[in-house]
Amino acid sequence: MTDTTHILLDAISIAREAGKIQLSHFRSASLGVEAKSNEFDIVTVADKACEAFVAARVHDLYPAHSILSEESGADEVQSDWQWVVDPVDGTTNFKSGLPFFTISIGIRYKGETVVGVVYAPRLDELFTAIKGEGAMLNGEPIKCSACTSISQAVVCTGFPYDKAENPDNNIAETVRMIPKVRGFRRLGSASLDICYTAAGILDAFWELNLHIWDVCAANLIAAEAGCEIHRLRQDRGESILVSPQALVKPMLEVLIEDRN
Ligand code: IPD
Ligand code: CA
Ligand code: CA
């Protein structure tokens, strides 16, 4: 078994266990919600419990690997291998009792993502990829949408937590996009949005100012499913358009209209 196959199997098992932890807190009355950067940006006991569980399992199985995760940041381990973890992606949904949330685990070797696992436990949807070996949903190969026209596309986005104080908040882009597309959605979990785009369930996704833990695993899954990952800009975190090649130009024509 190759290193990456072995790591994928371990990452799947960790994600499934973390999913059980999430479900044990889902719709509970005592989520211990705390605000982070502002009142829109929250963390719950489930985020912390999942993060601690994943870190402990990775340390046990791969003591030489480093971990970067949302709530704790980067550990001190120096390694070519790094696990990039969002313990709950879609915490606002989770807190509200909506089923669109995931555990996202991307594994990088020398800075390149080689394994990706995104698991939505309430939906029991497991997205996986190994670099160069394609992407799967629950063990079946997935492919991006064959849509070629944005007027036939269902597209998805999200909004940054600094939306109230920063006018560069994706609202102008969204207002331009909505009249041009068949359907517009805001599902609330960037990793799941990207994986749904990978599976051709959504036709395209874009968002500004994401973090590496939101996109590390999902971007590999999308790329392996045939999506283009287009970096929209350099000055606002992970700002990306994920779509089939045929939709890149029409999506960009709407998204970048005002900025040039
Ligand atoms: C958030 C979700 C959301 C996206 C935000 C992310 P979190 O992650 O992915 O869909 O719009 O930008 O920060 O905070 O729930 O891990
Ligand atoms: Ca996230
Ligand atoms: Ca999170």
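Every number for a ligand or one of its atoms is a count from 1 in the order of the listing. Nothing here was measured: the structure is a model prediction, and the numbers come from that model.
Salt bridge annotation for K48-E34: present, with a cationic side-chain nitrogen under 4.0 angstrom from a carboxylate oxygen. Contact check on R57 versus E17 returns no salt bridge, with no Lys/Arg side-chain nitrogen under 4.0 Å from an Asp/Glu carboxylate oxygen.
The part of L210 lying near ligand 1 is the side chain, judged by heavy-atom distances below 4.0 Å.
Taking backbone and side chain together, G90 holds no N, O or S atom under 3.0 Å from the Ca ion (ligand 3).
A distance below 6.0 Å separates the ring centres of F101 and F26.
For the pair H211 and ligand 1, no heavy-atom separation below 4.0 Å is found.
Its N, O or S atom nearest to the Ca ion (ligand 2) is what matters here, and for D89 that atom is OD1. The Ca ion (ligand 3) lies closest to atom OE1 when only the N/O/S atoms of E70 are considered. When distances from the Ca ion (ligand 3) to the N, O or S atoms of D86 are compared, OD1 comes out shortest.
For atom 13 (O) of ligand 1, the choice among F205, Y161, W213, F40 with the nearest heavy atom turns out to be Y161. Comparing S37, A218, G188 against atom 10 (O) of ligand 1, the shortest heavy-atom distance belongs to G188.
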Go through the steps to decide whether K95 and D47 satisfy the test salt bridge (charged side-chain N to carboxylate O under 4.0 Å, His left out), and finish with yes or no.
CA-CA 11 Å; K95 193 256 161 208; D47 301 63; over 6 Å; no

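In this structure, atom 2 (C) of ligand 1 lies nearest to the protein heavy atom D89 OD1, 3.5 Å.
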